[in-house]
**Q** 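Please see the structure below; I have some questions.
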Amino acid sequence: MSDLITPQTLKGFRDYLPTAMMARERLMEIARQVYRSYGFSPIDTPALEYANILLGKGGEESDKQLFRFIDSGERDVALRFDLTVPFARFTAEHLSEIGIPFKRYHLGTVWRGEKPQKGRYREFMQCDFDTIGTTSNAADIETLLVIHDLLVKIGFERFTVRVNNRMVLNGLLEKIGLIGQTSGVLRALDKLAKIGRDAVIAEMTDKVGTTPEQAAQVLDLASLTGSNTDILNRLEALLEGSEVGLQGVARLRELCAVSQAAGIPEERVQLDVSIARGLDYYTGTIYETFLTDMPGIGSICSGGRYDNLAGLFTKEKLPGVGASLGLDRLLAAMEELGLVDQTSTPAQVLIACFEAERLGDYCRIGRVLRQAGVGVEIFPDAKKVGQQLKYADRKGFRLALIAGSNEFAKGVWQVKDLKAMQQTEVAEADLVTHIQAALAK
RNA sequence: GUGGCUAUAGCUCAGUUGGUUAGAGCGCCAGAUUGUGGAUCUGGAGGUCGCGGGUUCAAGCCCCGUUAGCCACCCCA
């Protein structure tokens, strides 16, 4: 008896209470809706994979963060680090069944053995969507539209999707003779906003081994500011002679034009040549999404175009483009911003237990309402009405139904609107329509 | 993975240079003429001071370890 086990979760792993879980489920629901509305189909893959499937796909950094162990059958296994690598394996394995182009979405938990911080956990959910089997810029543009619609549907107005294209960066690096040091240069470049121009130049010359002139040239390109068209025009001039670079610019130009034609507000799409992040496998368009009111939490939806998704698993070359919504990070931001609804009940109507011997009537009406699509909970004990109402209020119910012998004698119910603090007497025959109308408000 | 900060009631915190039964606000529970909730009043429950060692006559307070959270780096959702 004295040896109680301390109830605790692992570092970076969390429990979700009803309030948080309601918000999570709502986000998942929205992600599904938006993805499906663009024609992405759902798939799922196992949480655990053979370690060699996952190793070496995102650079050595991600290998170190893998939760890896030997299972009881001596298999070397690991928990998935993201949803993209399992998707690559999935594609290689099922290509003949799915055909191309193929659009899928995948909501799933992933695991990374990182040092946790706010918005960074060891277990978190990603909501991925990808289009594979086409190099068309239409898919790149659609990816942007999906990200945009997703955030709007969640309820955000103030956010920007920063867009860049690796071809632009590669074009420049090729032009100034840094093609071998791409990843080092990009890593340094990516810190521009954080550490400033001089520090970036220092890192490029000291660590990466560029000349100061080369570093300055990279910086000149990356610090372009102004409207998207300004940036595009100046990029075009800077990249003259570089075929890849210009192709990248042309793709970005089309992306800006088309997304605007499709009705995306211009200020939500921002060309930013300094964003270079993303896993090594990105080769084209890159996306990162930031909340205007909470930039510190980092990108909440990132992705990009890649040339060859499943090159390690099949000889078939599969180009694609996609992005991933970091659901738990987004939720951490929303909590911080006070955007998480405090409701902890999924039902909207509470039937108070006024007289225990009337349980039959309460259950009967409960079922009638449920069949009409209204979630109903019946309070289990005949406690004081005040306490029952307090419970209803705290849990976030919208309506409370109260009926005792007076009401049953008259064939009516008291319908109490808990937010408006108003009570209406409604004949039982009109109850369903009345409640539906009240909830629709 | 490296470095730093923090850890006292469900939550936010106070706790004097180590000194007797550890406090507050909010929340929770129960009452304030036994058919109705967010206000007020009254009362109550709830803490082996994250956990384990050590120093001391004496530790919430000092030292070591450990676990967790947060911050920076790294990386990223």
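Chain letters run A, B, ... following the sequence lines, proteins first and then strands; every chain starts at 1.
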**Q** Between the protein and nucleotides 38-40 of chain B, are there any N/O to N/O pairs under 3.5 Å, and if so, what are the atom names and distances?
**A**
unit_1: B:G38; atom_1: O6; unit_2: A:Lys419; atom_2: O; d: 3.2

**Q** Would you classify A:Gly113 as touching base, sugar-phosphate or nothing, given that sugar-phosphate means primed atoms plus P, OP1 and OP2, and contacts are heavy atoms under 4.0 Å?
**A** nothing
**Q** Is it true that A:Asp393 and A:Lys390 make a salt bridge, defined as a side-chain N closer than 4.0 Å to a carboxylate O?
**A** no
**Q** Quick one, which residues of residues 428-441 of chain A touch RNA chain B with a heavy atom under 4.0 Å?
**A** none
**Q** Looking only at atom C1', what distance separates B:G50 and B:U67, rounded to whole Å?
**A** 8 Å
**Q** Please report the distance separating the P of B:A9 from the corresponding atom of B:G35, rounded so that it comes out in whole Å.
**A** 40 Å
**Q** Please check if the side chain of A:Glu335 supplies one atom and the backbone of A:Ala332 the other of a donor-acceptor pair under 3.5 Å.
**A** no
**Q** Decide yes or no on ring pair (Phe, Tyr, Trp, His ring centres under 6.0 Å) for A:His106 and A:Phe129, but give the supporting numbers first.
**A** CA-CA 6 Å; A:His106 188 181; A:Phe129 64 98; over 10 Å; no
**Q** In this structure, how many angstroms lie between the P atom of B:C76 and the CG atom of A:Leu66, rounded?
**A** 15 Å
**Q** Roughly how many Å apart are B:A58 and B:C41, using the C1' atom of each and rounding to a whole number?
**A** 43 Å
**Q** Given atom CZ of A:Arg120 and atom P of B:G69, what is their separation to the nearest angstrom?
**A** 13 Å
**Q** Flag yes if more than 12 heavy atoms outside A:Tyr16 fall under 6.0 Å of its OH atom; otherwise flag no.
**A** yes
**Q** With sugar-phosphate meaning primed atoms plus P, OP1 and OP2, does A:Gly303 contact a base, only sugar-phosphate, or nothing at under 4.0 Å between heavy atoms?
**A** nothing
**Q** Tell me if the aromatic rings of A:Phe408 and A:Trp413 count as close, with their centers under 6.0 Å from one another.
**A** yes
**Q** If the P atom of B:U56 is compared with that of B:C63, how far apart are they to the nearest Å?
**A** 16 Å
**Q** Once pairs are restricted to Watson-Crick or G-U wobble with both distances under 3.5 Å, how does RNA chain B read as a dot-bracket string, [ ] for crossings and | for other-strand pairs?
**A** (((((((..((((.....[...)))).(((((.......))))).....(((((..]....))))))))))))....
**Q** Can you check the A:Ile147 CD1 to B:A77 C1' distance for me, whole Å?
**A** 12 Å
**Q** With P as the reference atom in both, quote the distance from B:C76 to B:G60 in angstrom, rounded to an integer.
**A** 46 Å
**Q** Report which part of the nucleic acid A:Tyr121 touches: base, sugar-phosphate, or nothing (heavy-atom distance under 4.0 Å, all strands).
**A** base
**Q** Please confirm whether the backbone N or O of A:Asp293 pairs with a side-chain atom of A:Arg158, one donor and one acceptor, at under 3.5 Å?
**A** no
**Q** Could you check whether A:Arg162 makes a cation-pi contact with A:Phe290, meaning its NZ or CZ is under 6.0 Å from the centre of the six-membered ring and within 45° of the ring axis?
**A** yes
**Q** Which residues satisfy the side-chain contact (heavy atoms from CB on, under 4.5 Å) test with A:Pro42, sequence neighbours excluded?
**A** A:Arg36, A:Tyr105
**Q** Work out how far the P atom of B:A30 is from that of B:G37, and round it to whole angstrom.
**A** 14 Å
**Q** Can you list everything that forms a salt bridge (charged side-chain N to carboxylate O under 4.0 Å, His left out) with A:Arg398? Sequence neighbours excluded, please.
**A** none
**Q** Salt bridge or not for A:Glu49 and A:Arg89, using N-O below 4.0 Å?
**A** yes
**Q** What string of B, S and - do you get for nucleotides 30-35 of chain B 5' to 3' if you count protein non-hydrogen atoms under 4.0 Å?
**A** SSS--B
**Q** Expressed in angstrom and rounded to an integer, what is the separation of A:Gln342 atom CD from B:G27 atom C1'?
**A** 14 Å
**Q** Which nucleotide sits closest to the side chain of A:Leu389: B:A77, B:U36, B:A72?
**A** B:U36
**Q** Verify the distance criterion only: is there a donor paired with an acceptor across the side chains of A:Asn137 and A:Arg251 at less than 3.5 Å?
**A** yes
**Q** Side-chain donor or acceptor of A:Arg112 under 3.5 Å from a matching atom on the base of B:C75?
**A** no
**Q** In whole Å, measure the gap between the P atoms of B:G15 and B:C74 for me.
**A** 36 Å
**Q** Atom CZ of A:Phe13 and atom P of B:U67: how far apart are they, to the nearest Å?
**A** 15 Å
**Q** With respect to the side chain of A:Gln117, which nucleotide from B:G69, B:A77, B:C73 is positioned closest?
**A** B:C73
**Q** Answer yes if the side chains of A:Glu355 and A:Ser405 hold a donor-acceptor pair under 3.5 Å, and no otherwise.
**A** yes
**Q** Between A:Arg104 and A:Asp130 (salt bridge meaning N to carboxylate O under 4.0 Å), is one present in this structure?
**A** yes
**Q** Using atom P of each nucleotide, how far apart are B:G18 and B:C57 to the nearest Å?
**A** 15 Å
**Q** Run the salt bridge (charged side-chain N to carboxylate O under 4.0 Å, His left out) check on A:Lys410 and A:Glu425 step by step: do they pass?
**A** CA-CA 10 Å; A:Lys410 287 167 70 181; A:Glu425 194 172 282; 2.9 Å; yes
**Q** Tell me the interatomic distance from A:Tyr287, atom OH, to B:C76, atom C1', rounded to whole angstroms.
**A** 19 Å
**Q** If the threshold is 4.0 Å, N to carboxylate O, is there a salt bridge linking A:Arg26 and A:Asp341?
**A** no
